[in-house]
J.: 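Once you've had a glance at the structure underneath, I'll fire off some questions.
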Amino acid sequence: RLMRTHVQVQWGRPRPIDELPVARLRQELLDLGNLAFEQRPQLKRHLGREVVRGLARRPWRLEIIDRSVGRREVKAGQLLAAAAALSRHIRRIIPGKRVGIVLPPSAGGSIANLAVLCAGKIPVNLNFTAGPAAIRSSLKLGEIDTVITANAVREKVKDFPWPEHTLDLKTEIEAFGGKKAILPWLLAAWFLPNQWIANMLNLPKRGDEEEAGLLFTSGSSGEPKGVVLTHRNILSNCWQISSLCILPDTATMIACLPIFHSFGFTVTMWYPMMRGCKVVTVPSPLDTRGIIQAIHQDQATVLVGAPTFLRPLAKRATPEELASLDLVVTGAEKMPEDLAETFLEKFSIDLIQGY
């Protein structure tokens with residue numbers, strides 16, 4: 001099937017050949033490539049609208065295998081319908097511009113983030129492993145009065161300084177009607193054009209340099225610092241990943257990275273919802289046995305993570321348990337050579353470094 005796409009061409013100024021040594025030629029071509037990429041009209045779009053349209057194109061497809069509690073399968077249409085219904089509820093009950101989210105990688109985490117964005121607000125995934133002082137600072141700096149979480153998370157993270165307006169995701173879904181409120185959106189996802197659903201949610205067509213998410217640094221050099229991610233930031237990263245063709249819609253990716261860091265926030269949460277890559281969620285990258293079981297039982301083909309999380313995997317997993325993996329990408333820190341050698345010798349996997 002033929003598909004139309006935009007092609008951007010950037011012309012540099014003519015230069016005599018003797019003025020262009022290889023290093024300078026390479027740099028000028030890279031600079032021109034960057035200018036051409038920055039002109040792509042796709043980067044001016046709204047992240048929420050792109051994700052909603054992506055999910056609505058494939059409502060019947062299995063989107064998430066959630067292994068946070070047992071094993072639950074969530075199709076794209078179900079995820080979209082739950083987020084759409086929840087977004088209307090959020091508009092009514094939360095007046096603030098930003099909404100805190102304290103959830104692990106899961107169907108609930110994806111639904112909450114998309115619902116907040118569709119409600120015209122900004123999701124702020126908070127680092128619940130930081131100390132109480134750092135979290136209070138983040139809440140104050142981000143002007144966050146409301147936090148969405150799960151009661152199970154509250155029980156585990158007892159020293160988190162929960163604000164007065166802390167909402168349980170499951171309770172809030174039940175509060176606006178639960179399945180009865182979700183059903184009309186599910187039918188819409190099945191039968192209406194994807195553009196119509198985005199319009200029904202009043203999602204703008206343009207996001208560009210507007211704030212789409214807020215993350216916080218760990219506070220290792222003082223108080224945590226707020227890092228604004230724009231629609232263009234996230235869409236750019238997603239288009240760059242897509243252009244590599246390493247995460248097609250046929251891939252099954254392990255999503256265990258925390259969504260309060262940009263790696264998990266972008267690669268294992270927003271990208272799959274937008275582009276159709278199936279994910280298997282494991283709540284923590286430290287749950288080595290859980291990750292191994294998820295890879296083996298759900299035949300995952302892609303694993304992304306930091307070397308720190310991959311090292312125990314290399315020690316405890318058998319070649320048979322990781323046999324389904326086609327691709328392992330590391331990032332966030334320098335990859336030790338011995339780790340790469342171990343993966344190659346033990347699993348016949350050549351680790352790839354991502355940036």
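Index from 1, following the sequence. Since the model is a prediction, treat every value here as computed from it, not as a measurement.
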J.: So for atom CD, which belongs to E337, do other residues, nucleotides or ligands contribute more than 12 heavy atoms lying within a distance under 6.0 Å?
T.: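 Check fails, neighbour count at 12 or below.
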J.: In terms of side-chain heavy atoms, does R91 have a donor or acceptor partner in N202 at a distance below 3.5 Å?
T.: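 No, no side-chain donor-acceptor pair sits under 3.5 Å.
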J.: Should we count CD of E333 as having more than 12 external heavy atoms under 6.0 Å?
T.: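 Check passes, neighbour count above 12.
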J.: Distance alone, cut at 3.5 Å: any donor-acceptor contact between the side chains of T230 and N233?
T.: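 The criterion, which ignores hydrogens and geometry beyond distance, is satisfied for N233 and T230.
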J.: What is the ring orientation for F260 with F128, classed by angle as parallel under 30°, tilted 30 to 60°, or perpendicular over 60°?
T.: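 Perpendicular, since the angle between the ring planes exceeds 60°.
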J.: Under the side-chain contact (heavy atoms from CB on, under 4.5 Å) test, which residues partner R275, sequence neighbours left out?
T.: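 Once residues adjacent in sequence are excluded, the partners of R275 under the side-chain contact (heavy atoms from CB on, under 4.5 Å) criterion are W239, S242, Y271.
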J.: With side chain to side chain donor-acceptor pair (under 3.5 Å) as the criterion, how do R58 and N194 come out once you've worked through the C-alpha distance, each side chain's angles and the decisive distance to 0.1 Å?
T.: CA-CA 10 Å; R58 55 181 197 280; N194 61 76; over 6 Å; no
J.: Under a 4.0 Å threshold between the charged nitrogen and the carboxylate oxygen, would R232 count as salt-bridged to E209?
T.: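 Answer for the salt bridge query: yes.
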J.: Any donor and acceptor pair, going by atom type alone, linking the side chain of T266 with main-chain N or O of F263 inside 3.5 Å?
T.: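 The answer is no, because no donor-acceptor pair under 3.5 Å joins these two groups.
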J.: For the residue pair E155 / N151, report whether a side-chain donor-acceptor contact shorter than 3.5 Å exists.
T.: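 Their side chains do not contain a donor-acceptor pair, so the 3.5 Å distance test is not met.
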J.: Check whether any side-chain heavy atom of V99 lies under 4.5 Å from a side-chain heavy atom of I122, and answer yes or no.
T.: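 No, every pair of side-chain atoms sits at 4.5 Å or beyond.
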J.: Does R88 reach the main-chain N or O of A84 with its side chain, forming a donor-acceptor pair under 3.5 Å?
T.: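 No; zero donor-acceptor contacts below 3.5 Å.
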J.: Around atom CZ of R289, are there more than 12 heavy atoms from other residues, nucleotides or ligands closer than 6.0 Å?
T.: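 Yes.
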J.: Using a cut-off of 6.0 Å, state whether more than 12 heavy atoms not belonging to E143 lie near its atom CD.
T.: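 Atom CD in E143 is not packed in, count stays at 12 or less.
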J.: Tell me, yes or no, whether the heavy-atom count around K346 atom NZ, taken from other residues, nucleotides or ligands under 6.0 Å, exceeds 12.
T.: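 Counting other residues, nucleotides and ligands, NZ of K346 exceeds 12 neighbours.
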J.: Do R154 and D168 sit within salt-bridge range, that is, some charged N less than 4.0 Å from a carboxylate O?
T.: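 No, this pair does not count.
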J.: side-chain contact (heavy atoms from CB on, under 4.5 Å), that's the test. Do H89 and I173 meet it? Break it down for me.
T.: CA-CA 8 Å; H89 182 62; I173 290 176; over 6 Å; no
J.: Is the closest side-chain heavy-atom distance between N113 and M269 below 4.5 Å?
T.: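 The answer is yes; the side chains approach within 4.5 Å.
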J.: Let's go through L215 and H261 carefully: what are the C-alpha distance in whole Å and the side-chain angles of both, what is the deciding distance for side-chain contact (heavy atoms from CB on, under 4.5 Å) to 0.1 Å, and is it a yes or a no?
T.: CA-CA 7 Å; L215 300 178; H261 284 159; 5.9 Å; no
J.: Check this for me: does any side-chain nitrogen of one of E321 and R316 sit under 4.0 Å from a carboxylate oxygen of the other?
T.: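 Salt bridge between E321 and R316, a charged N being under 4.0 Å from a carboxylate O: no.
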J.: Return yes if a side-chain donor-acceptor contact under 3.5 Å exists between Q297 and R67, otherwise no.
T.: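 Yes, side-chain donor-acceptor contact under 3.5 Å.
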J.: Checking the side chain of N127 only, and the main-chain atoms of T129 only, is there a donor and an acceptor separated by less than 3.5 Å?
T.: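 Yes.
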J.: Sub-3.5 Å donor-acceptor pair from the side chain of K121 to the main-chain atoms of G96, do we have one?
T.: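 Yes, K121 side chain to G96 backbone: donor-acceptor pair under 3.5 Å.
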J.: Name all residues meeting the ring pair (Phe, Tyr, Trp, His ring centres under 6.0 Å) criterion together with W162; count only those two or more places apart in sequence or in a different chain, and write none if there are none.
T.: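 Scan of W162 (ring pair (Phe, Tyr, Trp, His ring centres under 6.0 Å), adjacent residues dropped) gives F160.
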J.: For residues H46 and L235, determine if any side-chain heavy atom of one lies less than 4.5 Å from a side-chain heavy atom of the other.
T.: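 The answer is no; the side chains never approach within 4.5 Å.
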J.: Between V304, L310, I352, L313, which is the residue that forms a side-chain contact (heavy atoms from CB on, under 4.5 Å) with V328?
T.: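 Checked V304, L310, I352, L313 against V328; only one passes side-chain contact (heavy atoms from CB on, under 4.5 Å): L310.
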J.: Does the distance from a Lys or Arg side-chain N to an Asp or Glu carboxylate O, for R206 and D208, drop under 4.0 Å?
T.: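 Here R206 pairs with D208 in a salt bridge, since their nearest N and O are under 4.0 Å apart.
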J.: Could you tell me whether R311 and D338 have a side-chain N and a carboxylate O separated by less than 4.0 Å?
T.: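 Judged by the 4.0 Å cut-off on N to carboxylate O distance, R311 and D338 do form a salt bridge.
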